[in-house]
**Student:** 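Handing you a structure now.
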Protein chains: 2
Amino acid sequence: MFSKATEYALRATIYIARRSDEKNKPGLAEIAKVIDSPRSFTAKILQQLTKNNKIVSSVRGPNGGFFLTDKAKKLPVYSILKAMAEDEVLTKCVLGLKQCSETKPCPMHAQYKPLKQQLIKLFETKTIQDLASEITNGDSVIGNGK
Amino acid sequence: MFSKATEYALRATIYIARRSDEKNKPGLAEIAKVIDSPRSFTAKILQQLTKNNKIVSSVRGPNGGFFLTDKAKKLPVYSILKAMAEDEVLTKCVLGLKQCSETKPCPMHAQYKPLKQQLIKLFETKTIQDLASEITNGDSVIGNGK
DNA sequence: TTAATTAAGGATATTTTTGTCCTCTTTTTT
DNA sequence: AAAAAAGAGGACAAAAATATCCTTAATTAA
C-alpha cells in the first residue's frame, strides 16, 4: 500500500514516540536496528520528518538522537503520510483516474468510496500517541524479529 | 495504492470486457487511447494478462485484438491483481512488517484489520463483468477525458 | 580546548518501475 | 502468393525509488 520509505517513516516515528522523552533519545543506529530498516536510508527519512514538517525533533552530539514533543505525539498518523507526500494513496481513484469523481465515477467508485472514507478516517483519527500506546500485550511488534 | 501497471491492467481489462464479443475485438491502439495509457507499455501488460493467466484473450492479424471470454468475465477483480503480482497490497501489514500477525500484531493491526478484510472482500466478490456493467449513467468513465 | 559522538546534507550507486522501439509471427484480405 | 494488419517478444532507455558513503556541523564530555 505505502512505499518502503513511508513504512519506515511510520515505524520509526512510532518507535521514537514510545522510547523518547526529555532524557531519552534513541539514535539512528538503535532505531534502524529495532524497526529493521536500512540505516542510511532511514537517516534520510528522519531528516524529512524533522526538517519541514516538524513531526520528529532531533539533537546532535553525544547523547543526541531523536524524540517527539508532546505536541507532535498528538498529531494524527495522517500527518506522517503527508510529510512523506503519500497521503494521495488514500484519496485518489483506485483505477488511477484523474477524472474520477461523484459526477464522473469510475466503475469501482461507488463500491470503493465507503472503504476509502473509513481508511482516511482511521489515519486522521488515530494519533501517533495512540499507536505508541498500543502495546497492550508484550507481543506487539514494531520490527521484524531479531 | 496500486502501481501504474496494475491501474492500466484494471482499466484495460474493464474496457475490453465492455467492448468485446466474438465479433468485436478492440486493438491495442484503441484501448490505450481510451484508457489513457502509454501504448507500448500497455502492450506489455496485456501480454502479461494473456500469457500465463488467461484473463485476457487475443488474436493476431487484421481485425484482431483483445477480448474476454464469458468465463473470464466472471473472474473476480482480484484475479487481475494476482496476475499483476500485486495482490499482496491488500493482504500485507500496513507497516510492512513480516512478523505482523494475530499473535504479534503491529500497532495498526487491530484498527486496520476490518478495513483490510472489507478491501479483500470487495476485490474477491466483484467480478470483471460487474465492473464492466457499471455504466449506470452515461457519465461513468474509464479514461482521462479527451 | 580537544576529542568524541551524533545528526545533517551532498554526492553517488543500485534496483525497480515505467516506458519505447524494432523485429518476428500470425492471420486475413486481395 | 503477396501484402497488410495486427499482437508477441526481445532489447534497450529513462525515470523514480531505494540505498550507501563521505564530509560537515553541532554538541557534549574529558
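By convention in this document, chain letters (A, B, ...) are assigned in the order of the sequence lines, proteins followed by strands, and residues within each chain are numbered from 1.
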**Student:** Indicate whether any N or O donor in one side chain lies under 3.5 Å from an N or O acceptor in the other, for B:Ser57 and B:Thr69.
**Tutor:** no

**Student:** For A:Ser133 and A:Gln129, which I'm curious about, is there any donor-acceptor pair between the side chains at under 3.5 Å?
**Tutor:** yes

**Student:** Say whether, by atom type as modelled, one donor and one acceptor occur between the side chain of A:Asn144 and the main chain of B:Lys98 under 3.5 angstrom.
**Tutor:** yes

**Student:** Identify whether any heavy atom of B:Ser40 sits under 4.0 Å from a base atom; if not, whether one sits that close to sugar-phosphate; answer base, sugar-phosphate or nothing.
**Tutor:** base

**Student:** Do A:Lys113 and A:Glu102 have side-chain heavy atoms sitting under 4.5 Å apart?
**Tutor:** yes

**Student:** Given atom NZ of B:Lys23 and atom C1' of C:dT28, what is their separation to the nearest angstrom?
**Tutor:** 13 Å

**Student:** Rounded to whole angstroms, how far apart are CZ on B:Phe41 and P on C:dT18?
**Tutor:** 5 Å

**Student:** Is the side chain of B:Thr6 donor-acceptor paired with the backbone N or O of B:Phe2 at a distance under 3.5 Å, no angle test?
**Tutor:** no

**Student:** Looking at A:Pro76, is its backbone amide N or carbonyl O close enough to the side chain of A:Thr127 to form a donor-acceptor pair, meaning the two atoms are under 3.5 Å apart?
**Tutor:** no

**Student:** Between the protein and nucleotides 25-30 of chain D, list every N/O to N/O distance that falls short of 3.5 Å.
**Tutor:**
| residue | atom | partner | partner atom | Å |
| --- | --- | --- | --- | --- |
| D:dA26 | O4' | A:Arg60 | NE | 3.4 |

**Student:** Would you please confirm or rule out a distance under 4.0 Å between OP1 or OP2 of D:dA6 and any side-chain N or O of B:Ser58?
**Tutor:** no

**Student:** Assess whether atom NZ of B:Lys4 is packed by more than 12 heavy atoms of other residues, nucleotides or ligands within 6.0 Å.
**Tutor:** no

**Student:** Here's a test of your reading of the structure: between B:Lys44 and B:Ile31, which maps to the more 5' nucleotide of DNA chain D?
**Tutor:** B:Ile31

**Student:** Using whole Å, what does the distance between atom C1' of nucleotide D:dA17 and atom CE of A:Met84 come to?
**Tutor:** 11 Å

**Student:** Can you measure B:Phe67 atom CZ to D:dA6 atom P for me and round it to whole angstrom units?
**Tutor:** 16 Å

**Student:** For the ring pair A:Tyr15 and A:Phe67, is the centre-to-centre distance below 6.0 Å?
**Tutor:** no

**Student:** Provide a list of protein-nucleic acid N or O atom pairs under 3.5 angstrom, restricted to nucleotides 1-3 of chain D.
**Tutor:**
none

**Student:** Starting from P on C:dT17, measure out to CD on B:Gln48 and report it in whole angstrom.
**Tutor:** 11 Å

**Student:** Under a 4.0 Å threshold between the charged nitrogen and the carboxylate oxygen, would A:Glu88 count as salt-bridged to A:Lys82?
**Tutor:** no

**Student:** Any idea which of C:dG9, C:dT20, D:dA8 is nearest the B:Phe66 side chain?
**Tutor:** D:dA8

**Student:** Could you give the distance from CD (A:Gln47) to OG (A:Ser58), rounded to the nearest 0.5 Å?
**Tutor:** 9.0 Å

**Student:** Near DNA chain D, counting only heavy atoms under 4.0 Å, which residues of residues 2-11 of chain A show up?
**Tutor:** A:Ser3, A:Lys4, A:Ala5, A:Tyr8

**Student:** Salt bridge (charged side-chain N to carboxylate O under 4.0 Å, His left out) between A:Arg18 and A:Glu134: does it pass, once the steps are laid out?
**Tutor:** CA-CA 10 Å; A:Arg18 276 187 190 173; A:Glu134 188 87 14; over 6 Å; no

**Student:** Please report, rounded to the nearest Å, how far the P atom of C:dA8 is from the NZ atom of A:Lys25.
**Tutor:** 13 Å

**Student:** Rounded to whole angstrom units, what separation is found between the CZ atom of B:Arg39 and the P atom of C:dC22?
**Tutor:** 13 Å

**Student:** Nearest whole angstrom, please: distance from the P of C:dT26 to the CG of B:Leu28.
**Tutor:** 19 Å

**Student:** Would you say the side-chain atoms of B:Arg11 pair up with the backbone N or O of A:Leu95, donor to acceptor, closer than 3.5 Å?
**Tutor:** yes

